[in-house]
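What follows is a single structure, written as structure tokens, with notes after it.
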2 protein chains.
Amino acid sequence: MRATYATKPREQVSAVLRREKRYLSAAEIHAILRKSRTNVSLSTVYRTLDLLAGKGQASARVDERGETTFVVCDQSHHHHAVCNGCGKVEDVSCEAIESVAHALRSHHGFKLADHEMEFFGTCGACR
Amino acid sequence: MRATYATKPREQVSAVLRREKRYLSAAEIHAILRKSRTNVSLSTVYRTLDLLAGKGQASARVDERGETTFVVCDQSHHHHAVCNGCGKVEDVSCEAIESVAHALRSHHGFKLADHEMEFFGTCGACR
DNA sequence: CCTAATTTGCGAATGATTTGCAAAATCATT
DNA sequence: AATGATTTTGCAAATCATTCGCAAATTAGG
Ligand SMILES: [Zn+2]
Ligand SMILES: [Zn+2]
Ligand SMILES: [Zn+2]
Ligand SMILES: [Zn+2]
């Protein structure tokens, strides 16, 4: 049974994610940490992100340039609204899926098991 | 004005996509072509996929292993239902988004501009 | 056919992510 | 706070998908 140590580097990486609340790549997090004279190796940033994603405390998405980016989020099923202006991500509860599930079943004979949704737009602060 | 030639390799790549109707990586397409003694270089497969995606004739998604995969689809706005059994992808028209847009605006002050949805489940043939 | 424009194939370069391993840090116990 | 087992870190090297450069091959049009 693998124990998990609470280490300084891990705390520093998740602190960045909690503070920024937007999708960040490993390289971006690494750069942010360096700027505040906090030295965490890029490898450790990668490993910590995998760890957080594995525990469901972070969610990953591949951006348009092909880099994997991460954002903090809670474990429960939900979706993300990403602001095109500031990049901030808000958790959105899952509604209006029932009707889609129904349509999928009746129109396509498709039994829905899982789904993913992402929203893009402008947040309140950016308007 | 860049003309676009209709070449044999391009036709062979899109033929595979049209026939399979499921998400395929460049490497998988390349392997499928080799198996039928059709030699198209991996570079050309990549270039053709970019071309098709650019024209909106194919849609890309990054799979769990980090590989970019492509499937044929029409240009109009729609979403995909992917079968967990056979991998086949069906186009699904976009419904039930209005209510989500409303909720986003009223609950989060978020003005929806764009969205992406993906569905996973079991297709009619696989049940 | 001829020529110009475009595409192909190959191998080399790129760039993000992973991995191996010795040294450093963490944790539970004396 | 010293000990020792366990886990993590940092670094550099390895991986692996994707991109690029360029000469040779293919296509389109006359
Ligand atoms: Zn914003
Ligand atoms: Zn949902
Ligand atoms: Zn199926
Ligand atoms: Zn839609």
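Sequence lines set the chain letters: A, B, ... in the order given, protein chains first and strands last, and positions in each chain run from 1.
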Q) Under 3.5 Å, side chain of H30(B) to main-chain N/O of V40(B), donor-acceptor pair present? A)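 Yes, the answer is positive, given that a donor and an acceptor are paired below the 3.5 Å cut-off.
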
Between atom [atom1] in [X] and atom [atom2] in [N], what is the gap in whole Å?
X	N	atom1	atom2	value
E28(B)	dA17(D)	CD	P	11 Å
L49(A)	dT9(D)	CG	P	12 Å
L52(B)	dT7(C)	CG	P	13 Å
N39(B)	dT26(D)	CG	P	13 Å
H30(A)	dT9(D)	NE2	C1'	12 Å

(Q) For H77(B) and H115(B), take the angle between the two ring planes, folded into 0 to 90°, and tell me which bin it lands in: parallel under 30, tilted 30 to 60, perpendicular over 60. (A)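 H77(B) vs H115(B) ring planes: perpendicular.
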
For [range], pull every pair meeting salt bridge (charged side-chain N to carboxylate O under 4.0 Å, His left out), keeping only residues two or more places apart or in separate chains.
range	value
residues 1-15 of chain B	E11(B)-R18(B)
residues 26-53 of chain B	none
residues 75-101 of chain A	none
residues 107-116 of chain B	none

Q. How does protein reach along nucleotides 14-25 of chain C, written 5' to 3' as B (base within reach of a heavy atom under 4.0 Å), S (only sugar-phosphate), or - (no contact)?
A. --SBBBB-----

Q | Phosphate OP1/OP2 of dT7(C) contacted by R10(B) side-chain N/O (<4.0 Å) | A |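 R10(B) to dT7(C) OP1/OP2: side-chain N or O found under 4.0 Å.
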
**Q.** Per-nucleotide pairing state of DNA chain C [Watson-Crick or G-U, under 3.5 Å; [ ] pseudoknot-crossing; | other strand]
**A.** ||||||||||||.|||.|||||||||||||

Q.
A quick test of your reading: do over 12 heavy atoms of other residues, nucleotides or ligands sit less than 6.0 Å from NE2 of H78(B)?
A.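 More than 12 within 6.0 Å, yes.
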
Q) Heavy-atom distance under 4.5 Å between the side chains of L17(B) and L49(B), does that happen here? A)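 The answer is yes; the side chains approach within 4.5 Å.
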
